[in-house]
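Letters A, B, ... mirror the listed sequences (proteins, then strands); counts begin at 1.
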Amino acid sequence: MSGLKIDDVSMRFDLPDGGSVQALKNVSLDIKEGELMSVLGPSGCGKTTLLNIVAGFLAPTEGAVILNNHRVTGPAPERGMVFQKGALFEWMSVRKNVSFGPDMKGMPKSESNQIVEHLLDVVGLQDFKDKAVYELSGGMQQRVALARCLANDPDVILMDEPLGALDALTREKMQGLVLKLWKETGKTIILITHSVEEALLLGERLIVMAPRPGRIHKEYRLPFAEMGVGQDLREVKKQKDYGPTREEILTMIWNMEEEIMGRQESAA
Amino acid sequence: MIILLMYIAIFVAAMIGYKLIAARMQPEHDFTSLKTVTFGDESAVVSNRSASIISVVTIFLIWGSFTGSNLIPSFLHMPGPFVGETSFDFEATDSTGKTDDGTVSIVVHTVDDPKDAPEVEEDTTGIADNVAVKMAAWRSALISSNDLLNKDLGTDVKVTSVNGEPVDAGDIVNIGTGTLRVTDKGSLSFEPNKGWQMEEIWLPAPESVVSRLIEISQEGYQNVTLAENLGWSLYRVLLGFILGSLVGIPLGYAMGLNSWFRGWFDPIVEFMRPVPPLALIPLVIIWFGIWETGKISLLFLAALWIMTIAARAGVSGVGISKVHAAYSLGASKWQLLTKVIVPNSLPEIFTGARVAMGVCWGTVVAAELVAAEKGAGKMIIAASKFQNTDIVLMGIILIGIIGYSIDILMRQAENYLIPWKGKG
Ligand SMILES: Nc1ncnc2c1ncn2[C@@H]1O[C@H](COP(=O)(O)OP(=O)(O)O)[C@@H](O)[C@H]1O
Ligand SMILES: [Mg+2]
């Protein structure tokens, strides 16, 4: 079976004071090849932990992640990662950053150059390819991060709040770019966000997680991502289902936050 | 003390003067000058170039004026020591009350230009004689009672007044060009006015330091050329620093990457870090002797801990997302080390290198003061033994300039080699 399977994953962190945090409990998901899945939830519900387990940076205390019929045991180029910020190599030019993956594999320059040139075209950074990454704006830096990830031709792309540090306008443009890349490359993408709008627009499938213990609370199948490909995202937001779904999810997360606050107050 | 007050006065005067001049000039409209909040805004405080220039000029002016330098106009000179001819009269009295007058004529000359004692009229009659004295400026001369008085012609003959003023043993009389002290034995000790200038062996004038520099750079000092002296010091610093880095940087990396290394070396590094290298000189001399091995070992130790700590900090400073990103992109451990960890640690290592070079430069001079055949420190300690203050000053200035140049060179190398510093 091809695709990504998260099989009954639980994660418990032992704390230095002897206690422990149940960051994830019995999380199971089947993600089809080429699926665009967004994950939403109040902060501390285990989103990053889940993504780190899929990426192979953390080993789950129970359960397993299975990609293309083999078990994930560590990071590998088949699972690319886009971080919020600070993961570009500032000692390298834009071009060098993008060709990092192919270079690691020892791909010949002529071949990797072709890939790099193509990807820089796709993300619209042709004019900046010889600049140092710290000379670019935040939005452009995330374009580099996307291109760098794609250069390795991964099966799955994992994004942990990739647009979280950008201003609203840049963010909207980048959302369009993510949709375009998803459609053009047909990659499986898991995107974590704390913005409900972003989760609605960038998820064929939307997972809402709940905290303590971190678990899957609700799942949606949404048409907006498909509509958003090649269309102004502001038009998509005018769809009649969009508003009510947004309200529903907002209320859901609002209630979870309230519950966390309440629990903390009664504990104090 | 007075110099300090003068210095403060010049500082204040220059500041007010500059403000007045600046206020008359075209007002600037750059970003900083339009800020209304400047007091407390650190970014609005930039080093004022005029102040720096005036500061340096002031130091040279003060130096010149207190040494009577030829480089600055003479009206800026502090009053110099008294030089020239002077004289005073005195009266001697014996136990019977008999009195007699005598004159003391004094020539005060500079050290460089000795003069003969003045001619005086022989006066063998009476109990007081005429005396001629020659002496150098800044010194004092003891005029013996045996020369002043004819003790055979009376009993208990002594000097009882100077220039008409009655004196007793221990009294101090000002005669305008200097002061006279009557000693317990009845002699007179004359000290001509010293003025405000400093004697050459305390503080030589700027031009004599410059001429020394020219002389020594051409002829060398004690058969060692200036270039050789400075070259040896630099060579030791470089060798010690390179050896220290060759061991320290890998050690720092190992400490940053491996818990066992970190645990093993942490106590050693943390203990050695606060020990100033100078405190190691005695031990290093006992272990490695006072010659080259000892000095290189000392500099090696001085650089070692700094470079170790810098490399360790550089590794620890790599953001976890960069490491994760590299592994996700397929990097091996070795590739992670060479492509991510090493470049990421370069800014820290460069900062460490700058500190280490500064410390090594200071340490080498100190070590050469203790023992060396050649070197900047050796040159100034040898010169100080012969009271060649001009060479000592020249050496200190050169040591300062070289230390400063090393730092500037390192900074430029840093800007050139690691432009991404602080931009991660
Ligand atoms: N290394 C860790 N050690 C202990 N607790 C952790 C660690 N990483 C995460 N946690 C805990 O696990 C829970 C989930 O964290 P995280 O996955 O970062 O949440 P999210 O990304 O959804 O905000 C939090 O309660 C957090 O405190
Ligand atoms: Mg998170």
Side-chain angles (χ1 to χ4, degrees), chain A residues 48 51-52 54-58 72-93 96-107 112 131-136 141 144-162 165, chain B residues 245 249 252-253 256-259 262-263 310-354 410-424:
Chain A
T48 297
L51 206 72
N52 281 342
V54 175
F57 304 140
L58 288 172
V72 166
T73 52
E78 60 185 9
R79 280 158 286 125
M81 188 94 181
V82 178
F83 295 86
Q84 183 168 7
K85 62 185 290 195
L88 292 179
F89 306 129
E90 60 264 19
W91 46 91
M92 296 177 183
S93 64
K96 276 271 164 204
N97 263 282
V98 176
S99 72
F100 188 86
D103 288 348
M104 293 302 102
K105 276 190 268 188
M107 185 186 285
S112 70
K131 288 243 189 269
V133 287
Y134 55 80
E135 292 174 285
L136 305 186
Q141 290 188 0
V144 178
L146 283 171
R148 183 177 73 172
C149 181
L150 287 169
N152 243 354
D153 196 25
D155 295 332
V156 181
I157 299 178
L158 307 169
M159 305 192 191
D160 191 355
E161 308 197 9
Chain B
S245 305
I249 295 176
Y253 279 144
L257 294 168
N258 181 291
S259 309
R262 168 76 66 100
R312 187 187 70 185
V315 176
S316 314
V318 59
I320 184 62
S321 41
K322 287 194 178 59
V323 176
H324 279 171
Y327 278 130
S328 287
L329 290 165
S332 65
K333 281 185 183 165
W334 176 250
Q335 285 170 326
L336 178 84
L337 181 69
T338 54
K339 297 279 173 2
V340 178
I341 290 181
V342 169
N344 189 76
S345 66
L346 284 181
E348 289 277 358
I349 287 182
F350 243 92
T351 309
R354 253 176 65 202
M410 298 284 283
R411 257 190 255 194
Q412 291 195 334
E414 192 173 20
N415 288 343
Y416 177 71
L417 293 173
I418 37 175
W420 67 87
K421 182 178 184 184
K423 295 183 174 145

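- Looking at A/Arg148, its side chain never comes within 3.5 Å of a backbone N or O of A/Phe100 through a donor-acceptor pair.
- Taking non-hydrogen atoms and a 4.5 Å limit, the residue list of residues 341-354 of chain B in contact with chain A, ordered by number, reads B/Pro343, B/Asn344.
- Other residues, nucleotides and ligands contribute more than 12 heavy atoms inside 6.0 Å of the NZ atom of A/Lys105.
- For chain B, no part of A/Leu158 is nearby; none of its heavy atoms comes within less than 4.5 Å.
- Under a 3.5 Å cut-off, the side chain of A/Ser99 and the backbone N or O of A/Pro102 do not form any donor-acceptor pair.
- When heavy atoms are compared at a cutoff of 4.5 Å, A/Ala132 does not approach chain B at all.
- Ranked by heavy-atom pairs shorter than 4.5 Å toward chain A, the options B/Gly319, B/Pro419, B/Ser332 are led by B/Pro419.
- Between atom CZ of residue A/Phe57 and atom CD1 of residue B/Ile320 there is a gap of 8.0 Å, rounded to the nearest 0.5 Å.
- Proximity of a side-chain donor or acceptor of A/Arg79 to a complementary backbone N or O of A/Ala55 within less than 3.5 Å is detected.
- Looking only at distances, a side-chain donor or acceptor of A/Asn97 sits under 3.5 Å from a matching main-chain atom of A/Phe89.
- Sequence neighbours left out, the pairs with a member in residues 149-160 of chain A that pass salt bridge (Lys or Arg N to Asp or Glu O under 4.0 Å) are A/Asp153-A/Lys187.
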